[in-house]
Amino acid sequence: MTVRTRVAPSPTGDPHVGTAYVALMNVLFAKKHGGQFLLRIEDTDRARSTAASERTILEALRWLGLSWDEGPDVGGPCGPYRQSDRSAIYKEHTGRLLDEGHAFKCFCATDRLDRMRMEQKLRGERQRYDGFCMHLSPTEVAAKEAAGEPFVVRMKVPRDGSVTIDDLRRGPIEIGWETVDMQVLMKSDGLPTYHLANVVDDHLMGITHVLRGEEWISSAPKHVLLYRYFGWEMPKLMHLPLLRNADRSKLSKRKNPTSILFYRSMGYLPQAMLNFLGLFALSSADGEEMATLDELVERFDLQNISLGGPVFDTAKLDWLNGRWIRERLDDAGFASAVQDWALNPARLGAIAPLARTRIERLSDLGPLTSFFFAGRLDLPAERLLDGKVPADVLRMAFQLALWRFDTLDEFDKSSVETVMRGLAEPTGAKFKDLVRHFYVAVTGNTASVPLFDAMGLLGRDIVRERLRQALATLGGSSKKEQEAWKKLDAPAAGEAEEG
Ligand code: GLU
């Protein structure tokens, strides 16, 4: 048997470090066993999936030095590798489940489902589908269909007893069927949900081992059942522990930047980043922590993956990156890393026109544009407050900007400007006055090259990090303030997006 693993990201946002970590573990496992690794795009959530997100996920994984034997960009014998291109396959499989009596059409309208859940809640019961449509006769189903009533397809789930999930690292996990809902497999628009598409694809793509985040453990019973219904052998499962913040909470972008692109913009070497993520699969008793991809493969063992929440320790990442720069790069390698990072023709070509009309000597370029070649700026509060907007109003403006920048589809000069203009109303400050403070927070100066161009070029990750740092320097924002500001944010955010 050839080992085949995969990573199956949903393209609904920035390329998350968690995705890279899961991808790496699957790469290591496949390589260790002389197998193959695939990349599949799981874009069943049509409302949230974007082509831009898919592009940046692939770009980020490639930047880290990962590659895949099959995938949407490289093709392969089991394609297409993007779920939105596989609708006919899922339709056919749903039909099979319906024909064989493992699934049923459910015509329940939202208000009936809401009422049902509410009643279950009042009775102190677990909220789940009550099986109403499972008992419709074929004639009733046909009549509803003929009348054009919309329906979803749900899977049948045993009501009693339990199922045992065999996890390669955790051993058997027993889960009672009473916790498992009659999952919707196909939505009323005829498109599949994650569960159906995931199982069908893992089977058709010959996946033998699934290493994925532990948040999927509770979905495993549904998958076991689907494999049984189809009569297929299930891949071996291993649920990886989620990455954690230093305080052990689930890694979230409120406490640590989570986009791979942020770490690239901050000037971490891809080799060091990959090495850092690979540490979670090395035995701590094993001494040397600096390792290339090949060395990680060499030393990989599932048993080394500690189940007790691995901490995404940025101090360790700094240390490792420093070592990579000093010990693994020679002068030429270092120069080329710097070039890749920012001193390349494309980057200079974008920055130079912004500076050209504002300098007298070429040597003015350094001081004027140095903030493009920096990460965090560590500015003192006095500098941030140098202007007309008082600290409390400014904190609110920074917080609103952080939220609004986060939700922008495209982060560029014009969308940034729209958000910035939209801050005047909720904060009651003048746009012009606010801009001066943002200038300082983002560039370190009260005037520089045009701010919105600069923000667009710096990119969302670095801009948000500098604003987050500026907000923290001014005292951060309390829970109560956040709640109050969120209320102001909702309608205004809508306007900003339209504007
Ligand atoms: N699309 C899922 C995700 O984004 C994949 C889960 C799995 O690996 O089964 O995490």
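Both ligands and their constituent atoms are indexed starting at 1 by order of listing.
Using cut-offs of 30° and 60° for the angle between ring planes, the Phe29 and His209 rings count as tilted.
Applying the side chain to side chain contact (heavy atoms under 4.5 Å, CB included) test to Asp114 and every residue at least two apart in sequence or in another chain returns Thr110, Arg117. Not counting sequence neighbours, Glu298 has no partner by the side chain to side chain donor-acceptor pair (under 3.5 Å) test.
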I'd like a table of the close N/O pairs between ligand 1 and the protein (anything under 3.5 Å), one pair per line with both atom names and the distance.
residue: ligand 1; atom: 1 (N); partner: Ala8; partner atom: O; Å: 2.7
residue: ligand 1; atom: 1 (N); partner: Ser10; partner atom: OG; Å: 3.1
residue: ligand 1; atom: 1 (N); partner: Glu42; partner atom: OE1; Å: 2.6
residue: ligand 1; atom: 4 (O); partner: Ser10; partner atom: OG; Å: 3.2
residue: ligand 1; atom: 8 (O); partner: Arg6; partner atom: NH1; Å: 2.5
residue: ligand 1; atom: 9 (O); partner: Arg6; partner atom: NH2; Å: 3.2
residue: ligand 1; atom: 9 (O); partner: Tyr194; partner atom: OH; Å: 2.9
residue: ligand 1; atom: 9 (O); partner: Asn198; partner atom: ND2; Å: 3.0
residue: ligand 1; atom: 9 (O); partner: Arg212; partner atom: NH1; Å: 2.8

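Put simply, the side chain of Asp43 gets close to the backbone of Ser84: a donor and an acceptor are under 3.5 Å apart.
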Distance-only donor-acceptor hits, side chain of residues 93-102, under 3.5 Å, sequence neighbours excluded:
residue: His93; atom: ND1; partner: Ile89; partner atom: O; Å: 2.7
residue: Thr94; atom: OG1; partner: Tyr90; partner atom: O; Å: 2.7
residue: Arg96; atom: NH2; partner: Phe230; partner atom: O; Å: 2.9

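Paired with Arg212 under the rule side chain to side chain contact (heavy atoms under 4.5 Å, CB included), one option of Val7, Asn198, Thr5 passes, and it is Asn198.
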